[in-house]
Structures are given as structure tokens and as C-alpha cells.
Amino acid sequence: MAGSSRKHEYRFTFGPWNISTGADPFGPPVRKEVAFAAKIREYKKLGFDGVQFHDDDVVPDIDSDPAAIEKTAAKVKKMLDGEGLFCEIIAPRLWEHTKTIDGGYTSNSPAERRYAIERSKRCIDIGNAVGCRNVVLWLAREGTYIREAKDPITAIGRIVDAINALLEYDKHIRILGEAKPNEPMDQSYLPTPGHFMGISYRTIEPSRVGVLIESAHSILAGLDPSDDMAYALWHGKLWSVHLNDQNGLKYDQDKAFGSVDLRRAFNTVWVLERGGYDGCIGLDVKAMRTTKPADQTRHLANSREMFLRLLEVARSVDADKVEAFRAERDYEGLEMYVLGKLMGG
Ligand code: 3MF
Ligand code: MG
């Protein structure tokens, strides 16, 4: 078999937070905030098909009454329809609220745990209003700064209880865990996609619980994103991705896809293509702080282009050749074959 016969058309998505002011923990904004509606108008121009939202991207006044929430969400749905966009995922932004500073589902406070679940149900309602049934849980603060702060065994059970409550609340949603080993916490309770998939089988409906895998998060855990994705594909649980890049074990960088390690990015694309991945190609990338306002969407266009160019490379790989190298255990030869492909050979 020469190359890949798959002619799958990938769909691309990103969240509005990918267009940002450049503020970081050490300095204030360096670009003006782009209005939400203006961000939405950028998608099609950049070649993207859909959006990824947090609940409060859609409804900034997230603690307002249900009627007001519904009204605002309906407006956003209209905006999406007007642009020909769909909403791929919706995520409760639990980590910014004053009631969840010590985590939501795993907080030691029963009132805060209740808020986290109620807020997540609100997120599901907002998702329904914008036509989205994929609920992403990035469990940002479900962990600790010091080991002794919470009971780690109880914490796992509490996360499972929270997921069950959401599965019960709406029989049509799917839950996608987005695992990250650290930041903002010293240590997360579910640090990798494998951890999240482990608990998925202990929920009331495992077939509705899967993962979104972010390249940088796997790298931060010392793992290879393509192997993490392959593992989830084998389980039939890879339902979304956040492609980006990360230069070693430091703060979460969200660099443009393929900008640090081209070979790692190639392996990511190759695995998605070989594995028949049919979810969206989501990006979670940040413009550099030094980027001028006129260029503040370039990292998105560049990441998309890198995916498509690496897809061409992946599709040009001669599977028979790869098998022959493997059969001979000629990994030196296989390595040069892959490097040659990446250098345009
Ligand atoms: C943090 C992240 C998050 C999630 C987002 C949607 C702000 O490292 O990756 O981005 O992707 O909250 O789940
Ligand atoms: Mg992410």
C-alpha cells in the first residue's frame, strides 16, 4: 500500500481565548481585548469550521437567572448560525470563580462542591442552547498545593460522583476529560488521559465518557502526545484534541503546533490519520506576547497550516516501506526515512 487511502476532511476549531491580550503573570495586556463578536467573525476567514466555548464565553454573567442565561445563549447561537459555525465543545470555567478557589468537585466544602455541580449543569444548558453536547472538563483545581490538603482517595470518588451527576442530568451529553498534570495546582488528581479513562469505566455510563487530549499537557506529564492519543483511540475515547507545542518541562506554553518538535507533531498527525480519528482538530495556542495586534491570529493560521502540511507528509508515507524496515528491525533506516520525509524528501 503506497501512502494512505484515507481522504478524510478534517474540521478545525478553536476557542475565543486563543485570541488574547498577551497578558501573563508578569505583565499586563499588550494588545486590546478583541470583542467577542469580532472574534467570531475571524473563524471562517482563518479557515476554521467551529468554535470551542467555555460557559462564560457564551454567557459572561454566568450567575444570572436562567431566563437571562437562555436569552444570551440564544443570541450567541444566532451569531454562530450567521457565520455558518458550529460549537464543538463547551467547558465550565470552574477555576476562575471565587467559590472554587480550592477546587470544585473535590473541594472540602460541601457548599462549594454543590456550586461546582450546579455550575456544570448550567454549562450543559448553555451547551444545549448553542447546539453542543460535548462537555469538556478541564479539572484545573481538582488537586492540591500540598498533599495533606485533601483526602486523595475521597477526591477520586467525588470526581466520579460529579461526572455521574452530569450524565444523569442530561442523557444526551458526552463528557470529555482534559487531563493536565500540574498548573495551576502543584499536582492534579487526574494528571493524564489514562487516569481519566480509568475512572470513565467506573461511571454510570462509560460509553459517554471520553477524553480531549492536549499535546502540551501530555508533554508536561513527560509523555508523548501521539502515544496518549493512540491509547485513547484504541479505547474509542478520543473525541477531541488541543494541538499545540511545548518546549520542555516548564510553565504551560501553548506554542503553535509543530513549532518546537516537528517530528513529534508529525507523529501526532500520523497517529490521528492512521487511527481514523474523526473528531475535530481543535487548537489551544497562544500568540507570543511580542506579537503585534495585526498579527494576533497568525499562530492559529500557522498551526492549521502545520497540521495540513504534516498531513500531506503523513499521507505520503509508504506503509510497505515502513513494514519492510520493521521486519528487518532496521530502525536506523526507518529513522532516516522519516527524517527525509520531514525535510521534504
Ligand atoms: C489549560 C487549558 C484550558 C482548556 C480549556 C477548555 C484555557 O491548560 O488547556 O485552556 O483547554 O479550558 O477545556
Ligand atoms: Mg487545552
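In listed order, ligands and their atoms are each counted from 1. It should be emphasised that the depicted structure is a prediction, and the values quoted were computed from it without experimental measurement.
- For E178, the N, O or S atom closest to the Mg ion (ligand 2) goes by the atom name OE2.
- Under 3.5 Å, the side chains of Y169 and D125 contain a donor-acceptor pair of N or O atoms.
- Residue M197 holds its CE atom at 8.5 Å from NZ of K237, rounded to the nearest 0.5 Å.
- At least one N/O/S atom of H242, from backbone or side chain, sits under 2.8 Å from the Mg ion (ligand 2).
- Scanning all protein heavy atoms for the shortest distance to atom 4 (C) of ligand 1 gives E178 OE1, 3.3 Å.
- Distance from atom 10 (O) of ligand 1 to its nearest protein heavy atom, with residue and atom name: D284 OD2, 3.4 Å.
- A heavy-atom distance below 4.5 Å is not found between the side chains of E335 and F325.
- At least one heavy atom of H217 sits closer than 4.0 Å to an atom of ligand 1.
- For E183, no heavy-atom contact with ligand 1 is shorter than 4.0 Å.
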Stepwise ring-ring contact (aromatic ring centres under 6.0 Å, His included) check, Y43 with F12:
CA-CA 9 Å; Y43 279 76; F12 293 87; over 10 Å; no
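- Every atom of ligand 1 with a heavy atom of D252 under 4.0 Å away is listed here by number and element: 8 (O).
- D228 and S218 share a side-chain donor-acceptor pair at under 3.5 Å.
- If you check which protein heavy atom lies closest to atom 7 (C) of ligand 1, you get W17 NE1, 3.8 Å.
- On a distance-only criterion, H54 and ligand 1 share at least one N/O pair closer than 3.5 Å.
- Going from atom OG1 of T21 over to atom CD of Q296 covers 9.0 Å, rounded to the nearest 0.5 Å.
- Among the atoms of E214, an N, O or S atom is found under 2.8 Å from the Mg ion (ligand 2).
- For the residue pair A73 and A129, the shortest heavy atom distance occurs at CB-CB, 3.6 Å.
- Residue-level proximity to ligand 1 for F53 is absent, since no heavy atom of it falls below 4.0 angstrom.
- Taking only nitrogen or oxygen atoms, main chain and side chain alike, K180 reaches within less than 3.5 Å of ligand 1.
- Close approach of ligand 1 to W95 is summarised as follows: ligand atoms under 4.0 Å from at least one heavy atom of the residue are 12 (O).
- Between the side chain of E70 and the backbone N or O of A67, no donor-acceptor pair lies under 3.5 Å.
- No other N/O/S atom of D284 lies as close to the Mg ion (ligand 2) as OD2 does.
- Every atom of ligand 1 with a heavy atom of V136 under 4.0 Å away is listed here by number and element: 13 (O).
- If you run ring-ring contact (aromatic ring centres under 6.0 Å, His included) between H54 and each of F36, W138, W95, only W95 comes through.
- Heavy atoms only, all atoms of each residue included: V241 and Y277 are closest at N-OH, 3.6 Å.
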